[in-house]
J.: 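Structure provided below as structure tokens; questions to follow.
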2 protein chains.
Amino acid sequence: MEGISKESLQRLPTYLRYLNELHLNGIESVSSTTIADRFKLNPVTVRKDLAFISEDGGKPKTGFSVADLVAEISEFLGYNNTQDAVLVGVGKLGSALLGYKGFSNYGLNIVASFDCKTDIQIDSTKREINNISMLPDLVKRLGVNIGIITVPAESAQAVCDLMINSGIKAIWNFSPTHLITPDNIAIKNEDMAASLAVLSQRLTAILKNE
Amino acid sequence: MEGISKESLQRLPTYLRYLNELHLNGIESVSSTTIADRFKLNPVTVRKDLAFISEDGGKPKTGFSVADLVAEISEFLGYNNTQDAVLVGVGKLGSALLGYKGFSNYGLNIVASFDCKTDIQIDSTKREINNISMLPDLVKRLGVNIGIITVPAESAQAVCDLMINSGIKAIWNFSPTHLITPDNIAIKNEDMAASLAVLSQRLTAILKNE
DNA sequence: TAGATTGTTAATCGATTAACAATC
DNA sequence: TAGATTGTTAATCGATTAACAATC
């Protein structure tokens, strides 16, 4: 059995949100065509994606069971067993992520936050902010696998290295740098400039056509 | 002449950051191999990318002129002529984006922010927050093309529709919903759940191998 | 039955990578 | 000259899409 493609994987959370909506509205089944229309995809793409995670598949004429898909995608994405994470850099963006309730739906739980500017402090949401020097011990003690980086670009690589040395295995990087990491570490560089480049180029194309 | 691929386009800002660093350090030329090593890419990929934006190309044995590449990528990405944008939803994430100095480097200038909760108010960084009802008039008056959405999922589609009706042509959506937009609108759904899905899956694969 | 829908196989499309001659 | 590096053509790889038989 082959692994799921990165593209399919990224579509699954989108499907799940939509399926949850349908579920709430009491809709029991849905066709690949309906899902495809919602997201401007080809129905075959949707069927291929769902074939990966669906046990029973769909039924000709009726489509897929909404409840089954919700359960199976949630399970596949690991939303049922929560992963712990630490966050470093409690500036504006870091605070925003700390305050975001949605992560619990995605099976992510930020257990501690760190900054270099403080000794133990309490932020506006009554969470402790620890000094960065406490990170290695805490990560080792709790066996945390995921690190979230929201520090300025200059310090991001140092924070990354510290995380890896402490035993972190996956890094979600929101600072505007491409971090250098060994191959046995999962890394996701969240690059706003890259996103904006795609958006701007499409905008330019649209303006040119009008 | 073909358009640049989405993938190439997304790599360009990454190259540019690195090239700016080299430039600051007084390094005058760089080979595609060096750039490729930095980002774990194939050198041919880098050369293809640079071929798109580079006038003179590189020289055998020496490589590419750093200064030329910096100028050409900046120009290509539109970092030299700034685009105006409006932002709706001045919560934590919205405030973080408003406060982010880096956008000016990317040719993006947020000229006004809006929220539904307020009449005209002053936020912590002394910027005005306008009531959402002021948006259509301001967007039309200033001819703003870009809208940034940082409201909760429930209100995102309504904000999106309002933006489009007001003449916005490109939407950068940070709310956890996939927005429905006509084909003549540029849209970038910034999907944290999709990113996290990719990271988690890699993490699972790494943990399994150990 | 008729028709909507599924799942699969084959064709297409696009991006990455390999191979290699050209050149400084 | 020798060797590093470029740019391009061809091969490979992977994802999307088209075609179509199976089925409820």
Side-chain angles (χ1 to χ4, degrees), chain A residues 1-15 18-19 22 27-69 72-73 183 194 197-198 201-202 205, chain B residues 1-15 18-19 22 27-69 72-73 183 194 197-198 201-202 205:
Chain A
M1 162 146 171
E2 292 285 311
I4 192 169
S5 81
K6 198 185 155 195
E7 285 78 7
S8 294
L9 188 60
Q10 292 188 93
R11 284 188 292 263
L12 289 179
T14 311
Y15 298 161
Y18 176 59
L19 292 162
L22 297 181
I27 294 165
E28 291 182 356
S29 59
V30 65
S31 73
S32 58
T33 321
T34 307
I35 300 176
D37 284 349
R38 171 65 182 81
F39 301 113
K40 291 186 185 166
L41 297 169
N42 186 299
V44 180
T45 304
V46 176
R47 284 206 288 281
K48 284 249 169 93
D49 290 346
L50 296 184
F52 242 100
I53 54 94
S54 168
E55 171 86 6
D56 298 338
K59 277 185 197 155
K61 192 104 155 116
T62 34
F64 294 79
S65 153
V66 172
D68 285 1
L69 287 183
E72 288 167 330
I73 297 178
D183 288 338
V198 174
Q201 202 217 212
R202 286 193 203 144
Chain B
M1 163 149 169
E2 292 285 311
I4 192 169
S5 81
K6 197 186 155 193
E7 285 78 7
S8 294
L9 186 61
Q10 292 188 91
R11 284 188 292 262
L12 289 179
T14 311
Y15 298 161
Y18 176 59
L19 292 162
L22 297 180
I27 294 164
E28 291 181 357
S29 58
V30 65
S31 73
S32 59
T33 321
T34 308
I35 300 176
D37 285 350
R38 171 64 181 82
F39 300 113
K40 291 187 185 164
L41 295 170
N42 186 300
V44 181
T45 304
V46 175
R47 284 205 289 282
K48 284 250 169 94
D49 290 346
L50 297 183
F52 242 101
I53 55 94
S54 168
E55 172 85 4
D56 299 338
K59 277 185 195 156
K61 191 104 159 129
T62 34
F64 294 79
S65 153
V66 172
D68 285 0
L69 287 183
E72 289 166 330
I73 297 178
D183 288 338
V198 174
Q201 202 216 213
R202 285 193 205 144

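Proteins get letters first, then strands, A, B, ... in listed order; numbering begins at 1 in each. Everything quoted here is computed from the prediction, not taken from an experiment. No hydrogens, no waters, no symmetry mates; every other heavy atom, side chains included, goes into these values.
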J.: Under 4.0 Å from a heavy atom of chain B: give me the 5'-most and 3'-most nucleotides of DNA chain C that qualify.
T.: C:dA15 to C:dC24
J.: Using a 4.0 Å cut-off on heavy atoms, which residues in residues 40-48 of chain B reach DNA chain C? List them by number, or say none.
T.: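 Contacting residues: B:Asn42, B:Val44, B:Thr45, B:Lys48.
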J.: Mind checking the CZ-CG spacing from A:Arg47 to A:Asn42? Nearest 0.5 Å is all I need.
T.: 8.0 Å
J.: Closest nucleotide of DNA chain D for A:Lys59 versus for A:Ser8: which of these residues is on the 5' side?
T.: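 Comparing both residues, the 5'-ward one is A:Ser8.
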J.: With rounding to the nearest 0.5 Å, note down the distance linking CZ in A:Arg11 to OG in A:Ser5.
T.: 6.0 Å
J.: Please give me the minimum heavy-atom distance between A:Gly3 and A:Phe52, naming the atom from each residue.
T.: O-CZ, 3.4 Å
J.: Could you pick out which residue, B:Ser32 or A:Glu7, lies toward the 5' side of DNA chain D when each is mapped onto its nearest nucleotide?
T.: B:Ser32
J.: Heavy atoms, side chains only, cut-off 4.5 Å: are A:Lys6 and B:Val198 in contact?
T.: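 SC-SC contact between A:Lys6 and B:Val198 confirmed.
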J.: For DNA chain D, what dot-bracket results from Watson-Crick or G-U pairs at under 3.5 Å, with [ ] for crossers and | for inter-strand partners?
T.: ..||||||||||||||||||||||
J.: Nearest 0.5 Å please: distance from the CD1 atom of B:Ile73 over to the OG1 atom of B:Thr14.
T.: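 B:Ile73 atom CD1 to B:Thr14 atom OG1 measures 9.5 Å (nearest 0.5 Å).
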J.: Compare every heavy atom of A:Pro13 with every heavy atom of A:Leu9, then report the nearest pair and how far apart it is.
T.: O-CD, 3.1 Å
J.: Is the ring pair A:Tyr15/A:Phe39 parallel, tilted or perpendicular, if the boundaries are 30 and 60 degrees?
T.: tilted
J.: Could you go step by step and tell me if A:Leu41 and A:Ile35 meet the side-chain contact (heavy atoms from CB on, under 4.5 Å) rule?
T.: CA-CA 8 Å; A:Leu41 297 169; A:Ile35 300 176; 5.9 Å; no
J.: Which atom names give the shortest non-hydrogen contact between B:Gly57 and B:Ser54, and what distance separates them?
T.: N-OG, 2.8 Å
J.: Testing the basics here: between A:Val66 and A:Leu19, what is the closest heavy-atom pair and its distance to 0.1 Å?
T.: CG1-O, 3.5 Å
